[in-house]
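Residue numbering restarts at 1 for every chain, and letters A, B, ... go by the order of the sequence lines.
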There are 2 protein chains.
Amino acid sequence: MATDRRLQFFEESLQLIHHQGYKGTTMRDIATKLKCDVANLYNFVKSKEEILDISLFRINEEFHDGIDAIIESKHTPVGKLRLITQLYVRLTHEKPYEISLLVNGWRHLSHQKKKKFLAERTAYEKKVQRVIQEGMDAGEMKALDPVLATNMVLSAMRWLFDSFADQKSDWNPVEVERQINEFVVSGLGV
Amino acid sequence: MATDRRLQFFEESLQLIHHQGYKGTTMRDIATKLKCDVANLYNFVKSKEEILDISLFRINEEFHDGIDAIIESKHTPVGKLRLITQLYVRLTHEKPYEISLLVNGWRHLSHQKKKKFLAERTAYEKKVQRVIQEGMDAGEMKALDPVLATNMVLSAMRWLFDSFADQKSDWNPVEVERQINEFVVSGLGV
DNA sequence: TATTTACATCAACAAATGTTGATCTAAAGT
DNA sequence: ACTTTAGATCAACATTTGTTGATGTAAATA
């Protein structure tokens with residue numbers, strides 16, 4: 001099932017979708033990049049939407065599994081928050097085009113799938129929010145609105161996928177993670 | 001030129017583009033919302049792309065004019081940074097659908113216009129970066145990578161347009177601005 | 001050797017989409 | 001009274017787009 005050609009198909013598709021958007025990417029665009037006929041693509045997926053579906057929910061699960069492992073671990077709130085940013089930076093560095101779907105692509109899911117995605121996203125934002133809330137309760141972090149604080153922390157990293165996807169930029173992900181963490185921790189710190 | 005109906009046309013168009021994306025919004029969608037025929041829309045713009053063009057470069061100029069005024073003012077770097085976040089929050093609260101174009105919509109500009117937009121955006125990011133750099137040089141801010149710091153600061157506010165566009169959320173923009181500022185300033189602070 | 005599997009091509013279609021030209025109406029400006 | 005202007009309608013177009021069905025081929029598998 002996971003043949004070379006099939007992997008290449010998904011890879012090129014996601015790159016095109018990142019740069020041109022989902023609606024702006026046609027099956028013919030993808031076929032051209034793969035140097036094959038359009039009809040051929042339907043050997044890999046049964047519809048265009050499936051490219052989005054499959055890729056998006058796979059990376060979503062990977063991210064959420066990572067979050068869960070951190071939540072269940074025995075770290076202080078600040079420690080957990082550090083691991084969360086670390087996870088996000090690492091995942092974005094490894095798979096910028098997939099993360100691009102989580103940031104933008106989800107809007108083009110079908111109604112049902114979009115509902116499902118947003119419900120899951122909200123649930124996981126709440127988990128991060130709870131970590132921050134615990135940090136505030138423990139006096140490790142300053143008392144801001146927890147919803148607002150969560151949004152700021154997560155949003156502060158959302159430029160990375162664009163940067164990592166860009167050939168010209170060559171951030172060192174470990175250094176990026178260190179500095180983001182410093183920013184976030186002292187941004188919330190007392 | 002700026003008649004009621006024309007204003008309504010742009011307003012509804014931008015709302016649709018925010019929710020469905022530029023490519024995902026058809027001229028027929030807009031016509032339906034305005035309860036008129038598709039052909040009628042061409043009394044307001046000479047092409048679909050013009051909706052994007054006009055709206056995007058107008059808000060872009062408004063934002064950049066604001067930045068320039070702050071840069072030229074006599075404040076400390078930290079003071080300037082505070083004014084910049086204030087400007088961004090205010091603008092996003094007043095015109096979330098326009099800001100949505102600056103965050104996402106620009107990707108669908110024609111090649112030429114996109115080049116122009118990106119050049120301007122880069123120039124203005126550099127101006128913000130210089131403020132941060134001055135803050136670091138003056139010892140007001142901790143020494144992080146200035147490019148990275150700039151990206152984090154600006155990106156930390158990029159979730160707002162989505163939230164302000166949403167009917168259900170009712171943030172107080174003044175309070176939001178205060179908390180964002182606290183986060184950003186202590187995030188960069190020594 | 002027979003057959004399944006992964007991948008490829010060609011032709012074609014139905015629907016969606018941006019756009020145009022000709023025409024109309026009612027109000028506003030001169 | 002005459003003319004311009006903003007807004008609206010209808011029919012029609014050329015393209016673009018996702019998708020299908022019939023068919024072919026070369027390698028792996030049984």
Mind checking side-chain contact (heavy atoms from CB on, under 4.5 Å) for [X] and listing every partner two or more places apart, or none if nothing turns up?
X	answer
A:T76	A:V78, A:E140
A:T92	A:Y88, A:I99, A:L160, A:F161, A:F164
B:L154	B:E125, B:T150, B:M157, B:R158
B:S47	B:E49, B:E50

Restricting to ring pair (Phe, Tyr, Trp, His ring centres under 6.0 Å), what partner residues turn up for [X], sequence neighbours left out?
X	result
B:H64	B:Y124
B:F10	none
A:F117	A:W106

Strand-adjacent residues in residues 47-56 of chain B, judged by heavy atoms under 4.0 Å from DNA chain C: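 Heavy-atom cutoff 4.0 Å gives B:S47, B:K48.
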5'-most by nearest nucleotide on DNA chain D - A:K46 or B:C36: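 This one resolves to B:C36.
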Partners passing salt bridge (charged side-chain N to carboxylate O under 4.0 Å, His left out) against B:E98 (at least two apart in sequence or in another chain):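 Not a single residue meets the salt bridge (charged side-chain N to carboxylate O under 4.0 Å, His left out) criterion with B:E98.
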Report, one pair per line, the protein and nucleotides 4-7 of chain C atoms (nitrogen or oxygen only) whose separation is under 3.5 Å.
{"from": "C:dC7", "atom 1": "OP1", "to": "A:T3", "atom 2": "OG1", "distance (Å)": "2.6"}
{"from": "C:dC7", "atom 1": "OP2", "to": "A:T3", "atom 2": "OG1", "distance (Å)": "3.2"}

A:K142 charged N/C atom sitting above B:F183 aromatic ring, 6.0 Å / 45°: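 That pair does not qualify as a cation-pi contact.
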Ring-face cation of B:K116 near B:F57 (centre distance under 6.0 Å, axis angle within 45°):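 So B:K116 does make the cation-pi contact.
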Donor + acceptor pair across side chains of B:D4, B:Q8 (<3.5 Å):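 No, no side-chain donor-acceptor contact under 3.5 Å.
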Bounds of contact between DNA chain D and chain B, in 5' to 3' order, using a heavy-atom cut-off under 4.0 Å: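 Result: D:dA6 to D:dC10.
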DNA chain D contacts among residues 21-34 of chain A, heavy-atom distance under 4.0 Å: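 Per residue number, the list reads A:T25, A:T26, A:M27, A:R28.
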Heavy-atom pair of closest approach, residues A:H18 and A:S100: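 Smallest interatomic distance, heavy atoms only, reads ND1-OG, 2.9 Å.
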